[in-house]
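One is the number of the first residue; the rest follow in order along the sequence. In listed order, ligands and their atoms are each counted from 1.
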Amino acid sequence: MEHILKAQQFSNREDLDKIFEATDWIRKNPNPLFFKNSGYIMATMFYEPSTRTRFSFETAMKKLGGGVLSTENAEEFSSTAKGEVLEDSIRTVSVYADVIVLRHHIEGAAERAAEVSDVPIINAGDGAGQHPTQALLDLYTIQRECGSIDGKTIALIGDLAHSRTIHSLAYLLSNYDIKKLYLVSPEFVKMKKEIIYHLAEHNITIEITSELAKIAPEVDVFYQTRLQKERFLASDFQMYQKYHKQNEFRIDAELLKLMKPEARILHPLPRVGEILHEVDSDPRAAYFRQVKNGLYLRMALLVMLLNGRYIIK
Ligand code: ASP
Ligand code: CP
């Protein structure tokens, strides 16, 4: 692994298994200090807001014994504010850091960064593009919570057009023999054609629907997302407001009654009303366990990336 830019890089189940094995190992050995005395530094450059991704990468690096450089709100607090282009900022930071975690509002920004960087770039979300490390932790969560990914019926719900975590997860799921993939969204935020083609090429059975309650009894994994407000242009903002208010795909206590007892509900978070708080105490609500998995998985990825080995033993 050199850079982590998009989920299509993970097109081999053996590689995914190795990442999950390493994550399991870290879970059992949560303070392994692999980077003690290494001098390794990770820079987080965030041009968009974040709670989980930035904090989890920074916690991961610190727990491994490495150092962290950070600019949140890089648009304002780095020399971007003076007009510096991304490529120059990346070239500069790659002099100081051994790995750069980049979140940017422009799709393709991580790939641009990788072209000029001397150190690995981790795409922590590029506009409405991808968020591969989130999808890896989502997949790991499905495997851990459900025992396997093969044979499962999975529903991707919400803003399929703009949700970068859904895009990455859909690519990763194409490595598995899942039973069925439901794509559940309002028409105006439906899944990109290129991803549908990719899924079809990988023999994934897809059904597009807007009837969440109807399919709920057969779904094993509900992957809920918010409408990505920041991606809507002023011209379609009214549409956003209408659907956000209407919230027809909301997960609430009523929907829980229709779900299988062993189903699981995931969400990359933040949520803004699409899963009600009344759902949180149900054992099927896996989204905060998912957050914890993210820390372990990112620790595993950093070790694999910087120490160049797959299995940590
Ligand atoms: N936190 C995730 C992302 O940055 C999901 C979201 O914001 O809705 O893509
Ligand atoms: N899931 C996720 O990426 O969360 P943040 O936007 O808070 O980092």
Side-chain angles (χ1 to χ4, degrees), residues 4-7 23 42-61 68 70-75 100-110 121-142 155-172 184-186 189 191-192 195 221-232 240 243-244 247 249-251 264-276 280 285-299 301-302:
I4 301 180
L5 305 177
K6 54 184 183 180
T23 306
M42 176 190 74
T44 53
M45 297 175 69
F46 275 56
Y47 290 79
E48 277 195 336
S50 168
T51 301
R52 280 145 291 272
T53 312
R54 193 169 67 85
F55 282 138
S56 65
F57 267 112
E58 294 185 3
T59 307
M61 194 61 181
V68 173
S70 185
T71 170
E72 60 168 329
N73 194 359
E75 199 73 30
I100 298 174
V101 183
L102 175 71
R103 171 167 288 187
H104 205 281
H105 47 274
I106 297 175
E107 198 169 330
I121 298 289
I122 299 179
N123 180 5
D126 61 325
Q130 290 212 28
H131 191 349
T133 67
Q134 175 70 43
L136 287 169
L137 78 89
D138 297 338
L139 200 63
Y140 174 81
T141 302
I142 297 174
L156 301 179
I157 311 162
D159 192 342
L160 307 186
H162 307 107
S163 170
R164 54 199 179 195
T165 75
I166 283 200
H167 300 160
S168 293
L169 183 57
Y171 283 116
L172 290 187
V184 189
S185 73
V189 284
M191 186 70 109
K192 299 179 185 184
I195 299 184
V221 178
F222 295 79
Y223 188 90
Q224 178 67 294
T225 58
R226 71 182 170 97
L227 281 181
Q228 307 279 295
K229 185 179 178 183
E230 63 275 36
R231 309 282 171 234
F232 286 82
Y240 163 80
Y243 274 91
H244 179 64
N247 228 334
F249 305 125
R250 193 170 68 186
I251 299 183
R264 288 292 182 272
I265 305 160
L266 274 66
H267 193 310
L269 302 176
R271 63 173 156 182
V272 287
E274 60 283 342
I275 299 180
L276 294 193
D280 295 0
Y287 27 94
F288 288 109
R289 298 193 289 274
Q290 192 180 347
V291 170
K292 196 163 188 185
N293 293 339
L295 171 61
Y296 298 136
L297 184 126
R298 286 175 172 135
M299 287 173 78
L301 283 180
L302 287 172

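The pair E58-R52 does not meet the salt-bridge criterion, since no charged nitrogen lies less than 4.0 angstrom from a carboxylate oxygen. Between R231 and E48, at least one side-chain N (NZ, or NE/NH1/NH2) sits under 4.0 Å from a carboxylate O, which counts as a salt bridge.
Contact annotation: for R103 versus ligand 1, heavy atoms closer than 4.0 Å belong to the side chain alone. Contact annotation: for Q228 versus ligand 1, heavy atoms closer than 4.0 Å belong to the side chain alone.
Between F232 and Y240, the angle of the ring planes lies from 30° to 60°, which puts this pair in the tilted group.
Atom 5 (C) of ligand 1 has its nearest heavy-atom neighbour, among T225, L227, L269, in L269.
Checked by atom type and distance alone, the side chain of S185 never pairs as donor or acceptor with a backbone atom of L160 at under 3.5 Å. A distance-only check finds a donor-acceptor pair linking the side chain of H167 to the backbone of A161 [under 3.5 Å]. Within the 3.5 Å criterion, the main-chain N or O of T53 finds a donor-acceptor partner in the side chain of S56. One N or O on the side chain of Q290 and one on the backbone of H267 form a donor-acceptor pair closer than 3.5 Å.
Within 4.0 Å of ligand 2, protein heavy atoms belong to S50, T51, R52, T53, R103, H131, Q134, P268, L269, listed by chain and number.
Among protein heavy atoms, atom 7 (O) of ligand 1 sits closest to R226 NH2, 2.8 Å. At the shortest separation from atom 3 (C) of ligand 1 among protein heavy atoms lies R164 NE, 3.5 Å.
Side-chain atoms of T165 and Y223 form a donor-acceptor pair, as typed in the model, at a separation below 3.5 Å.
Those atoms of ligand 1 with a heavy atom of P270 less than 4.0 angstrom away are 1 (N), 6 (C), 7 (O).
Across all non-hydrogen atoms, the minimal contact from D126 to A110 is CB-N, 4.5 Å.
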